[in-house]
A.B. asks: 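My questions will all concern the structure given below.
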Amino acid sequence: MPGFELFGSAERKEVNDVLESGVLMRYGFDGMRNGHWKAKQLEAELQSTFKTEYVQLVSSGTAAVSVALAASGIGAGDEVIMPSFTFVASFEAILMVGAIPVLVDIDDTLALDPKAVKNAITSKTKAIMVVQMCGSMGDMDALQKISSEHDLILIEDACQAIGATYKGKALGTIGHLGCFSFDFVKTITSGEGGAVITNNKDYYVNADHYSDHGHDHEGNDRGAEGHPFLGYNFRISELHAAVGLAQVRRLPDFLAIQKKNYTVLRNALSELPEVTFRTVPDGGEESYAFLNFFLPDLETARIASKNLKEGGVDGCFHYFDNNWHYVRKWDHLKNVKSLFPISKEIKDGLTYLETKTFDQSDHFIGRNISCLIKLSWTEEEVLQRAQKMVEIIKSSI
Ligand SMILES: *Cc1c(COP(=O)(O)O)cnc(C)c1O
(Lines give C-alpha, C1' and ligand atoms only; values in the text may rest on other atoms or scores of the structure.)
Protein backbone atom coordinates (compact mmCIF):
# COMPACT_ATOMS: atom_id res chain seq x y z
CA MET A 1 0.00 0.00 0.00
CA PRO A 2 2.62 2.64 0.72
CA GLY A 3 3.34 5.22 -1.95
CA PHE A 4 6.48 6.22 -0.07
CA GLU A 5 8.17 3.15 -1.55
CA LEU A 6 8.17 4.79 -4.96
CA PHE A 7 9.04 8.36 -3.92
CA GLY A 8 11.06 9.82 -6.75
CA SER A 9 11.73 12.56 -9.26
CA ALA A 10 8.08 13.57 -9.77
CA GLU A 11 7.70 14.28 -6.04
CA ARG A 12 11.04 16.13 -5.91
CA LYS A 13 10.06 18.35 -8.82
CA GLU A 14 6.81 19.45 -7.20
CA VAL A 15 8.55 20.13 -3.88
CA ASN A 16 11.28 22.10 -5.64
CA ASP A 17 8.68 24.43 -7.18
CA VAL A 18 7.66 25.32 -3.65
CA LEU A 19 11.21 25.59 -2.32
CA GLU A 20 12.14 27.98 -5.13
CA SER A 21 9.47 30.50 -4.19
CA GLY A 22 9.68 29.85 -0.46
CA VAL A 23 5.91 30.18 -0.08
CA LEU A 24 5.16 27.23 2.17
CA MET A 25 1.63 28.32 3.02
CA ARG A 26 -1.39 27.40 0.94
CA TYR A 27 -3.24 30.71 1.30
CA GLY A 28 -2.18 34.20 0.23
CA PHE A 29 1.24 35.55 -0.83
CA ASP A 30 -0.03 35.62 -4.42
CA GLY A 31 2.79 37.80 -5.74
CA MET A 32 5.62 35.73 -4.29
CA ARG A 33 4.55 32.23 -5.27
CA ASN A 34 5.47 32.21 -8.99
CA GLY A 35 2.02 30.89 -9.82
CA HIS A 36 2.44 27.76 -7.68
CA TRP A 37 -0.69 26.72 -5.81
CA LYS A 38 0.03 23.10 -4.89
CA ALA A 39 -2.82 22.65 -2.41
CA LYS A 40 -5.35 24.15 -4.83
CA GLN A 41 -3.98 22.00 -7.64
CA LEU A 42 -4.14 18.87 -5.53
CA GLU A 43 -7.74 19.67 -4.61
CA ALA A 44 -8.58 20.01 -8.31
CA GLU A 45 -6.78 16.76 -9.12
CA LEU A 46 -8.62 14.86 -6.37
CA GLN A 47 -11.91 16.37 -7.54
CA SER A 48 -11.47 15.05 -11.06
CA THR A 49 -9.90 11.73 -10.07
CA PHE A 50 -12.72 10.83 -7.68
CA LYS A 51 -15.55 12.65 -9.45
CA THR A 52 -16.63 14.64 -6.44
CA GLU A 53 -17.91 18.21 -6.40
CA TYR A 54 -15.77 19.55 -3.56
CA VAL A 55 -12.46 18.76 -1.90
CA GLN A 56 -10.92 20.36 1.18
CA LEU A 57 -7.36 19.40 2.01
CA VAL A 58 -6.41 19.26 5.66
CA SER A 59 -3.36 18.35 7.76
CA SER A 60 -4.10 14.64 8.33
CA GLY A 61 -6.67 11.90 7.91
CA THR A 62 -7.61 12.30 11.57
CA ALA A 63 -8.17 16.01 10.91
CA ALA A 64 -10.29 15.07 7.88
CA VAL A 65 -12.61 12.94 10.02
CA SER A 66 -12.77 15.67 12.69
CA VAL A 67 -13.52 18.35 10.10
CA ALA A 68 -16.16 16.16 8.41
CA LEU A 69 -17.96 15.79 11.74
CA ALA A 70 -17.70 19.50 12.55
CA ALA A 71 -18.74 20.54 9.03
CA SER A 72 -21.91 18.46 9.26
CA GLY A 73 -22.82 19.94 12.63
CA ILE A 74 -22.13 16.97 14.89
CA GLY A 75 -21.17 17.82 18.46
CA ALA A 76 -21.89 17.69 22.17
CA GLY A 77 -23.95 14.72 23.25
CA ASP A 78 -24.58 13.41 19.73
CA GLU A 79 -23.97 9.72 19.16
CA VAL A 80 -21.90 8.55 16.22
CA ILE A 81 -22.02 4.86 15.32
CA MET A 82 -18.59 3.44 14.41
CA PRO A 83 -17.03 -0.01 14.00
CA SER A 84 -15.14 -2.07 16.60
CA PHE A 85 -12.37 -2.58 14.04
CA THR A 86 -10.79 0.62 12.76
CA PHE A 87 -7.90 2.97 13.37
CA VAL A 88 -8.08 4.90 16.66
CA ALA A 89 -8.59 8.14 14.69
CA SER A 90 -12.30 7.26 14.41
CA PHE A 91 -13.09 7.73 18.09
CA GLU A 92 -10.47 10.46 18.54
CA ALA A 93 -12.28 12.58 15.97
CA ILE A 94 -15.70 11.89 17.48
CA LEU A 95 -14.48 12.80 20.98
CA MET A 96 -12.82 15.96 19.64
CA VAL A 97 -16.19 17.47 18.70
CA GLY A 98 -17.71 16.40 22.04
CA ALA A 99 -19.77 13.55 20.57
CA ILE A 100 -20.04 9.98 21.82
CA PRO A 101 -18.54 7.06 19.88
CA VAL A 102 -20.94 4.12 19.81
CA LEU A 103 -18.95 1.04 18.86
CA VAL A 104 -20.74 -1.78 17.06
CA ASP A 105 -19.83 -5.10 15.48
CA ILE A 106 -18.32 -5.60 12.07
CA ASP A 107 -19.24 -8.45 9.71
CA ASP A 108 -17.25 -10.53 7.22
CA THR A 109 -16.62 -7.43 5.07
CA LEU A 110 -14.47 -6.26 8.04
CA ALA A 111 -16.59 -3.11 8.05
CA LEU A 112 -19.82 -2.11 9.86
CA ASP A 113 -22.48 -4.78 10.09
CA PRO A 114 -25.70 -3.06 8.94
CA LYS A 115 -27.79 -5.08 11.43
CA ALA A 116 -25.56 -3.96 14.30
CA VAL A 117 -25.86 -0.36 13.10
CA LYS A 118 -29.66 -0.55 13.06
CA ASN A 119 -29.75 -1.99 16.57
CA ALA A 120 -27.56 0.79 17.92
CA ILE A 121 -29.69 3.71 16.71
CA THR A 122 -31.19 5.86 19.49
CA SER A 123 -32.82 9.28 19.59
CA LYS A 124 -29.32 10.77 20.06
CA THR A 125 -27.77 9.14 16.98
CA LYS A 126 -26.67 11.74 14.42
CA ALA A 127 -24.26 9.90 12.16
CA ILE A 128 -22.95 6.58 10.96
CA MET A 129 -19.22 6.43 10.35
CA VAL A 130 -18.33 3.61 8.01
CA VAL A 131 -14.62 2.81 7.90
CA GLN A 132 -13.51 1.11 4.70
CA MET A 133 -10.83 -1.08 6.21
CA CYS A 134 -7.84 -2.68 4.53
CA GLY A 135 -8.62 -1.74 0.94
CA SER A 136 -12.25 -2.86 0.82
CA MET A 137 -15.68 -1.72 1.99
CA GLY A 138 -18.87 -2.31 3.90
CA ASP A 139 -22.26 -3.01 2.35
CA MET A 140 -22.82 0.55 1.18
CA ASP A 141 -26.35 0.05 -0.20
CA ALA A 142 -27.53 -1.29 3.16
CA LEU A 143 -25.74 1.45 5.11
CA GLN A 144 -27.05 4.19 2.83
CA LYS A 145 -30.56 2.85 3.23
CA ILE A 146 -30.30 2.96 7.03
CA SER A 147 -28.81 6.44 6.85
CA SER A 148 -31.65 7.79 4.73
CA GLU A 149 -34.44 5.97 6.60
CA HIS A 150 -33.26 7.38 9.92
CA ASP A 151 -32.08 10.73 8.56
CA LEU A 152 -28.50 10.17 9.70
CA ILE A 153 -25.34 11.61 8.20
CA LEU A 154 -23.17 8.96 6.58
CA ILE A 155 -19.45 9.68 6.96
CA GLU A 156 -17.16 7.48 4.96
CA ASP A 157 -13.61 7.03 6.21
CA ALA A 158 -11.82 5.78 3.09
CA CYS A 159 -8.32 6.44 4.47
CA GLN A 160 -7.28 2.81 3.93
CA ALA A 161 -9.14 2.22 0.69
CA ILE A 162 -8.32 5.10 -1.64
CA GLY A 163 -8.92 3.98 -5.22
CA ALA A 164 -11.41 1.22 -4.34
CA THR A 165 -14.88 1.49 -5.90
CA TYR A 166 -18.45 0.42 -5.19
CA LYS A 167 -20.86 0.11 -8.11
CA GLY A 168 -18.55 2.31 -10.16
CA LYS A 169 -18.23 5.05 -7.56
CA ALA A 170 -15.01 5.85 -5.73
CA LEU A 171 -15.06 5.04 -2.03
CA GLY A 172 -15.30 8.29 -0.14
CA THR A 173 -17.89 9.68 -2.57
CA ILE A 174 -20.80 7.49 -1.44
CA GLY A 175 -21.46 8.93 2.02
CA HIS A 176 -22.47 12.56 2.62
CA LEU A 177 -18.81 13.24 3.37
CA GLY A 178 -15.71 11.16 2.70
CA CYS A 179 -12.26 11.23 4.25
CA PHE A 180 -8.80 10.39 2.92
CA SER A 181 -5.43 10.24 4.64
CA PHE A 182 -2.10 10.88 2.97
CA ASP A 183 0.05 9.91 5.94
CA PHE A 184 3.36 8.24 5.29
CA VAL A 185 2.07 4.66 5.08
CA LYS A 186 -1.04 5.22 2.96
CA THR A 187 -1.44 4.30 -0.72
CA ILE A 188 -0.61 7.85 -1.73
CA THR A 189 1.29 10.00 0.72
CA SER A 190 2.05 13.65 1.20
CA GLY A 191 4.12 13.01 4.33
CA GLU A 192 1.19 14.13 6.43
CA GLY A 193 -2.15 15.24 5.05
CA GLY A 194 -5.76 14.39 4.42
CA ALA A 195 -8.87 15.45 2.54
CA VAL A 196 -12.58 15.86 3.11
CA ILE A 197 -14.65 15.27 -0.02
CA THR A 198 -18.35 15.96 -0.50
CA ASN A 199 -21.00 16.87 -3.02
CA ASN A 200 -22.72 19.14 -0.51
CA LYS A 201 -21.74 22.79 -0.88
CA ASP A 202 -22.62 23.77 2.68
CA TYR A 203 -20.49 21.01 4.16
CA TYR A 204 -17.64 22.04 1.87
CA VAL A 205 -17.83 25.73 2.79
CA ASN A 206 -17.95 24.74 6.46
CA ALA A 207 -14.91 22.48 6.03
CA ASP A 208 -13.01 25.20 4.13
CA HIS A 209 -13.61 27.80 6.83
CA TYR A 210 -13.41 25.52 9.87
CA SER A 211 -10.03 24.07 8.91
CA ASP A 212 -8.56 27.60 8.77
CA HIS A 213 -9.73 29.33 11.98
CA GLY A 214 -13.12 30.14 10.49
CA HIS A 215 -11.65 32.40 7.77
CA ASP A 216 -14.20 33.04 5.03
CA HIS A 217 -11.48 33.28 2.34
CA GLU A 218 -13.18 36.29 0.71
CA GLY A 219 -11.04 38.98 -0.95
CA ASN A 220 -7.26 39.01 -0.89
CA ASP A 221 -6.41 40.52 2.46
CA ARG A 222 -6.18 37.59 4.83
CA GLY A 223 -6.00 39.84 7.89
CA ALA A 224 -9.28 41.51 6.98
CA GLU A 225 -11.27 38.36 6.25
CA GLY A 226 -14.52 37.66 8.05
CA HIS A 227 -15.04 34.81 10.49
CA PRO A 228 -18.65 33.66 10.30
CA PHE A 229 -18.05 30.96 12.92
CA LEU A 230 -15.37 29.45 15.16
CA GLY A 231 -12.71 27.34 13.57
CA TYR A 232 -9.39 25.67 14.16
CA ASN A 233 -6.14 25.14 12.29
CA PHE A 234 -6.09 21.96 10.26
CA ARG A 235 -4.29 23.46 7.23
CA ILE A 236 -1.98 21.46 5.00
CA SER A 237 1.30 23.11 3.95
CA GLU A 238 2.33 23.69 0.34
CA LEU A 239 5.30 21.34 0.79
CA HIS A 240 3.04 18.47 1.81
CA ALA A 241 0.52 19.25 -0.89
CA ALA A 242 3.33 19.25 -3.48
CA VAL A 243 4.28 15.68 -2.60
CA GLY A 244 0.62 14.65 -2.65
CA LEU A 245 0.14 16.22 -6.07
CA ALA A 246 2.90 14.08 -7.59
CA GLN A 247 1.56 10.99 -5.85
CA VAL A 248 -2.11 11.32 -6.82
CA ARG A 249 -1.10 11.42 -10.47
CA ARG A 250 0.60 8.07 -9.92
CA LEU A 251 -2.40 6.47 -8.19
CA PRO A 252 -3.54 4.47 -11.26
CA ASP A 253 -0.04 2.95 -11.51
CA PHE A 254 0.05 2.18 -7.79
CA LEU A 255 -3.37 0.49 -7.95
CA ALA A 256 -2.32 -1.63 -10.93
CA ILE A 257 0.79 -2.82 -9.09
CA GLN A 258 -1.22 -3.60 -5.96
CA LYS A 259 -3.75 -5.59 -7.95
CA LYS A 260 -1.05 -7.59 -9.70
CA ASN A 261 0.78 -8.47 -6.47
CA TYR A 262 -2.44 -9.16 -4.57
CA THR A 263 -3.66 -11.51 -7.27
CA VAL A 264 -0.51 -13.65 -7.16
CA LEU A 265 -0.78 -14.05 -3.39
CA ARG A 266 -4.52 -14.65 -3.43
CA ASN A 267 -4.34 -17.28 -6.15
CA ALA A 268 -1.69 -19.14 -4.19
CA LEU A 269 -3.66 -19.06 -0.91
CA SER A 270 -6.87 -20.07 -2.73
CA GLU A 271 -5.43 -23.55 -3.10
CA LEU A 272 -5.68 -24.08 0.66
CA PRO A 273 -9.19 -25.30 1.55
CA GLU A 274 -8.88 -23.94 5.11
CA VAL A 275 -8.35 -20.38 3.87
CA THR A 276 -11.36 -18.17 3.09
CA PHE A 277 -11.38 -14.52 2.07
CA ARG A 278 -13.14 -11.45 3.38
CA THR A 279 -16.44 -10.69 1.65
CA VAL A 280 -16.35 -7.85 -0.85
CA PRO A 281 -19.94 -6.59 -1.34
CA ASP A 282 -21.52 -7.12 -4.77
CA GLY A 283 -20.39 -4.36 -7.09
CA GLY A 284 -17.31 -3.62 -5.02
CA GLU A 285 -13.75 -3.55 -6.27
CA GLU A 286 -10.96 -3.44 -3.72
CA SER A 287 -7.97 -1.12 -3.91
CA TYR A 288 -5.87 -4.24 -3.26
CA ALA A 289 -3.87 -2.44 -0.59
CA PHE A 290 -4.15 -5.52 1.66
CA LEU A 291 -4.93 -9.19 1.29
CA ASN A 292 -7.25 -10.32 4.09
CA PHE A 293 -8.07 -13.92 4.79
CA PHE A 294 -9.68 -16.03 7.49
CA LEU A 295 -8.31 -19.19 9.06
CA PRO A 296 -10.59 -21.78 10.67
CA ASP A 297 -10.26 -20.56 14.27
CA LEU A 298 -8.47 -18.18 16.61
CA GLU A 299 -5.79 -20.66 17.67
CA THR A 300 -4.81 -21.42 14.08
CA ALA A 301 -4.65 -17.72 13.29
CA ARG A 302 -2.40 -17.14 16.30
CA ILE A 303 -0.05 -19.92 15.28
CA ALA A 304 0.00 -18.86 11.62
CA SER A 305 0.66 -15.24 12.55
CA LYS A 306 3.61 -16.26 14.75
CA ASN A 307 4.97 -18.59 12.09
CA LEU A 308 4.66 -15.97 9.35
CA LYS A 309 6.60 -13.50 11.48
CA GLU A 310 9.29 -16.01 12.38
CA GLY A 311 9.46 -17.22 8.80
CA GLY A 312 10.33 -13.72 7.61
CA VAL A 313 6.98 -12.88 5.94
CA ASP A 314 6.68 -9.29 7.13
CA GLY A 315 3.66 -7.00 6.99
CA CYS A 316 1.03 -9.55 8.04
CA PHE A 317 -1.13 -8.51 10.99
CA HIS A 318 -3.29 -10.52 13.36
CA TYR A 319 -5.25 -7.57 14.67
CA PHE A 320 -6.94 -9.57 17.41
CA ASP A 321 -3.78 -9.75 19.50
CA ASN A 322 -1.15 -7.57 18.02
CA ASN A 323 -2.39 -4.32 16.77
CA TRP A 324 -3.93 -1.07 17.69
CA HIS A 325 -6.86 -1.37 15.33
CA TYR A 326 -9.24 -3.45 17.36
CA VAL A 327 -11.44 -2.67 20.38
CA ARG A 328 -9.64 -5.25 22.56
CA LYS A 329 -6.63 -2.95 22.78
CA TRP A 330 -8.48 0.30 23.45
CA ASP A 331 -8.14 0.44 27.24
CA HIS A 332 -7.39 4.15 27.13
CA LEU A 333 -10.81 4.70 25.56
CA LYS A 334 -12.64 2.26 27.84
CA ASN A 335 -11.06 3.91 30.90
CA VAL A 336 -11.42 7.45 29.47
CA LYS A 337 -7.76 8.25 30.09
CA SER A 338 -7.78 11.91 29.14
CA LEU A 339 -5.11 14.50 29.92
CA PHE A 340 -7.83 17.04 30.60
CA PRO A 341 -11.29 16.82 32.16
CA ILE A 342 -13.84 15.25 29.83
CA SER A 343 -17.50 16.26 29.79
CA LYS A 344 -19.94 14.28 31.90
CA GLU A 345 -21.95 13.56 28.76
CA ILE A 346 -19.01 11.75 27.18
CA LYS A 347 -18.05 9.93 30.39
CA ASP A 348 -21.60 8.71 30.88
CA GLY A 349 -21.87 7.97 27.19
CA LEU A 350 -18.86 5.66 27.31
CA THR A 351 -19.83 3.57 30.35
CA TYR A 352 -21.42 0.94 28.07
CA LEU A 353 -17.88 -0.07 27.04
CA GLU A 354 -17.18 -1.48 30.53
CA THR A 355 -19.46 -4.42 29.80
CA LYS A 356 -20.19 -4.53 26.07
CA THR A 357 -18.83 -7.58 24.28
CA PHE A 358 -18.11 -7.88 20.58
CA ASP A 359 -18.58 -11.59 19.97
CA GLN A 360 -19.32 -11.28 16.27
CA SER A 361 -16.30 -9.01 15.70
CA ASP A 362 -14.12 -11.42 17.72
CA HIS A 363 -15.33 -14.22 15.46
CA PHE A 364 -14.04 -12.41 12.37
CA ILE A 365 -11.01 -10.48 13.68
CA GLY A 366 -9.84 -13.46 15.73
CA ARG A 367 -9.53 -15.54 12.57
CA ASN A 368 -8.34 -12.78 10.24
CA ILE A 369 -4.87 -12.16 8.95
CA SER A 370 -4.26 -8.99 7.02
CA CYS A 371 -1.21 -8.70 4.78
CA LEU A 372 0.08 -5.45 3.38
CA ILE A 373 0.64 -5.40 -0.38
CA LYS A 374 3.84 -3.59 -1.26
CA LEU A 375 4.55 -1.66 -4.42
CA SER A 376 8.29 -2.29 -4.54
CA TRP A 377 8.28 -6.11 -4.69
CA THR A 378 9.80 -7.67 -7.79
CA GLU A 379 7.84 -10.38 -9.60
CA GLU A 380 10.28 -12.93 -8.21
CA GLU A 381 9.77 -11.65 -4.66
CA VAL A 382 5.99 -11.92 -4.93
CA LEU A 383 6.22 -15.50 -6.21
CA GLN A 384 8.59 -16.48 -3.44
CA ARG A 385 6.41 -14.80 -0.87
CA ALA A 386 3.33 -16.63 -2.14
CA GLN A 387 5.10 -19.96 -1.92
CA LYS A 388 6.40 -19.24 1.56
CA MET A 389 2.97 -18.13 2.80
CA VAL A 390 1.35 -21.30 1.51
CA GLU A 391 4.00 -23.50 3.19
CA ILE A 392 3.79 -21.66 6.50
CA ILE A 393 0.01 -21.63 6.62
CA LYS A 394 -0.17 -25.31 5.68
CA SER A 395 2.18 -26.17 8.51
CA SER A 396 0.15 -24.01 10.93
CA ILE A 397 -3.16 -25.79 10.42
C1 LIG B 1 -4.60 6.33 8.69
C2 LIG B 1 -6.02 6.36 9.06
C3 LIG B 1 -6.63 7.49 9.62
C4 LIG B 1 -5.88 8.69 10.07
O5 LIG B 1 -5.04 9.25 9.19
P6 LIG B 1 -3.77 10.13 9.65
O7 LIG B 1 -3.46 10.88 8.42
O8 LIG B 1 -2.69 9.18 10.07
O9 LIG B 1 -4.23 11.01 10.76
C10 LIG B 1 -7.99 7.46 9.83
N11 LIG B 1 -8.72 6.38 9.56
C12 LIG B 1 -8.17 5.26 9.06
C13 LIG B 1 -9.04 4.11 8.75
C14 LIG B 1 -6.80 5.20 8.81
O15 LIG B 1 -6.26 4.08 8.35
Side-chain angles (χ1 to χ4, degrees), residues 1-4 39 42 46 55-70 80-97 101 103 106 109-112 127-138 140 143 154-164 170-172 174-175 177-197 207 211 232-237 239-241 243-244 247-248 258 278 286-290 292 315 317 319 323-327 329-330 333 361 365 368 370-373:
M1 101 157 166
F4 76 80
L42 176 51
L46 290 165
V55 178
Q56 179 63 43
L57 284 174
V58 289
S59 50
S60 71
T62 310
V65 185
S66 307
V67 169
L69 288 161
V80 179
I81 296 173
M82 60 163 272
S84 59
F85 173 55
T86 173
F87 186 52
V88 291
S90 305
F91 59 76
E92 289 170 351
I94 295 167
L95 292 172
M96 196 207 82
V97 296
L103 275 54
I106 54 143
T109 64
L110 302 181
L112 282 177
I128 301 169
M129 185 187 292
V130 54
V131 185
Q132 315 289 26
M133 285 300 278
C134 307
S136 186
M137 67 214 80
M140 295 309 291
L143 293 168
L154 184 62
I155 294 178
E156 205 188 338
D157 176 342
C159 291
Q160 285 195 14
I162 195 164
L171 294 194
I174 299 163
L177 302 109
C179 305
F180 292 139
S181 162
F182 308 122
D183 81 21
F184 197 54
V185 294
K186 296 301 203 275
T187 303
I188 51 175
T189 185
S190 62
E192 300 283 0
V196 180
I197 64 177
S211 59
Y232 214 83
N233 178 4
F234 289 117
R235 290 190 306 261
I236 195 167
S237 82
L239 283 171
H240 292 91
V243 179
Q247 288 250 310
V248 74
Q258 284 180 173
R278 68 107 71 84
E286 298 180 69
S287 74
Y288 307 103
F290 294 83
N292 284 272
F317 310 110
Y319 288 111
N323 234 277
W324 217 29
H325 290 66
Y326 188 47
V327 63
K329 298 279 171 181
W330 297 340
L333 172 69
S361 305
I365 298 299
N368 178 254
S370 181
C371 297
L372 198 63
I373 302 294

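In listed order, ligands and their atoms are each counted from 1.
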A.B. asks: Can you tell me the protein heavy atom closest to atom 9 (O) of ligand 1 and the distance?
C.D. replies: T62 OG1, 2.5 Å
A.B. asks: Do F87 and ligand 1 have an N or O pair less than 3.5 Å apart?
C.D. replies: no
A.B. asks: For atom 2 (C) of ligand 1, what's the nearest protein heavy atom and its distance?
C.D. replies: K186 NZ, 3.0 Å
A.B. asks: Quick one: do Q258 and T187 satisfy side chain to side chain contact (heavy atoms under 4.5 Å, CB included)? Show the steps, please.
C.D. replies: CA-CA 9 Å; Q258 284 180 173; T187 303; 3.6 Å; yes
A.B. asks: If the cut-off is 4.0 Å to any non-hydrogen atom of A89, which atoms of ligand 1 fall inside it?
C.D. replies: 4 (C), 10 (C)
A.B. asks: Give the atoms of ligand 1, by number and element, whose distance to some non-hydrogen atom of S60 is under 4.0 Å.
C.D. replies: 7 (O), 9 (O)
A.B. asks: Which pair of non-hydrogen atoms, one from C159 and one from F180, has the smallest distance, and what is that distance?
C.D. replies: SG-C, 3.6 Å
A.B. asks: Can you tell me how the ring of Y326 sits relative to the ring of F85, calling it parallel under 30°, perpendicular over 60° and tilted otherwise?
C.D. replies: perpendicular
A.B. asks: With a cut-off of 4.0 Å, which atoms of ligand 1 are near a heavy atom of D183?
C.D. replies: 1 (C), 6 (P), 7 (O), 8 (O)
A.B. asks: For the atom pair CD1 (I162) and NZ (K186), what is the distance rounded to the nearest 0.5 Å?
C.D. replies: 10.5 Å
A.B. asks: Which of these, G193, S66, S181, has its nearest heavy atom closest to atom 5 (O) of ligand 1?
C.D. replies: S181
A.B. asks: Using distance alone, determine whether T86 and ligand 1 share an N or O pair under 3.5 Å.
C.D. replies: no
A.B. asks: What is the distance from atom CG of L46 to atom CG of L57, rounded to the nearest 0.5 Å?
C.D. replies: 6.0 Å
A.B. asks: Do the ring planes of F87 and W324 sit parallel (below 30°), tilted (30 to 60°) or perpendicular (above 60°)?
C.D. replies: perpendicular
A.B. asks: Rounded to the nearest 0.5 Å, how far does CD of E156 lie from CE of M140?
C.D. replies: 4.0 Å
A.B. asks: Enumerate the atoms of ligand 1 whose separation from the nearest heavy atom of V131 is less than 4.0 angstrom.
C.D. replies: 13 (C)
A.B. asks: Please list the nearest protein heavy atom to atom 11 (N) of ligand 1 with its residue and the distance rounded to 0.1 Å.
C.D. replies: D157 OD2, 2.7 Å
A.B. asks: Quick test of your reading of the structure: of G61, A158, C159, C134, whose heavy atom lies closest to atom 6 (P) of ligand 1?
C.D. replies: G61
A.B. asks: Looking at V58 and V67, what are the two nearest heavy atoms and their distance?
C.D. replies: CG1-CG2, 4.2 Å
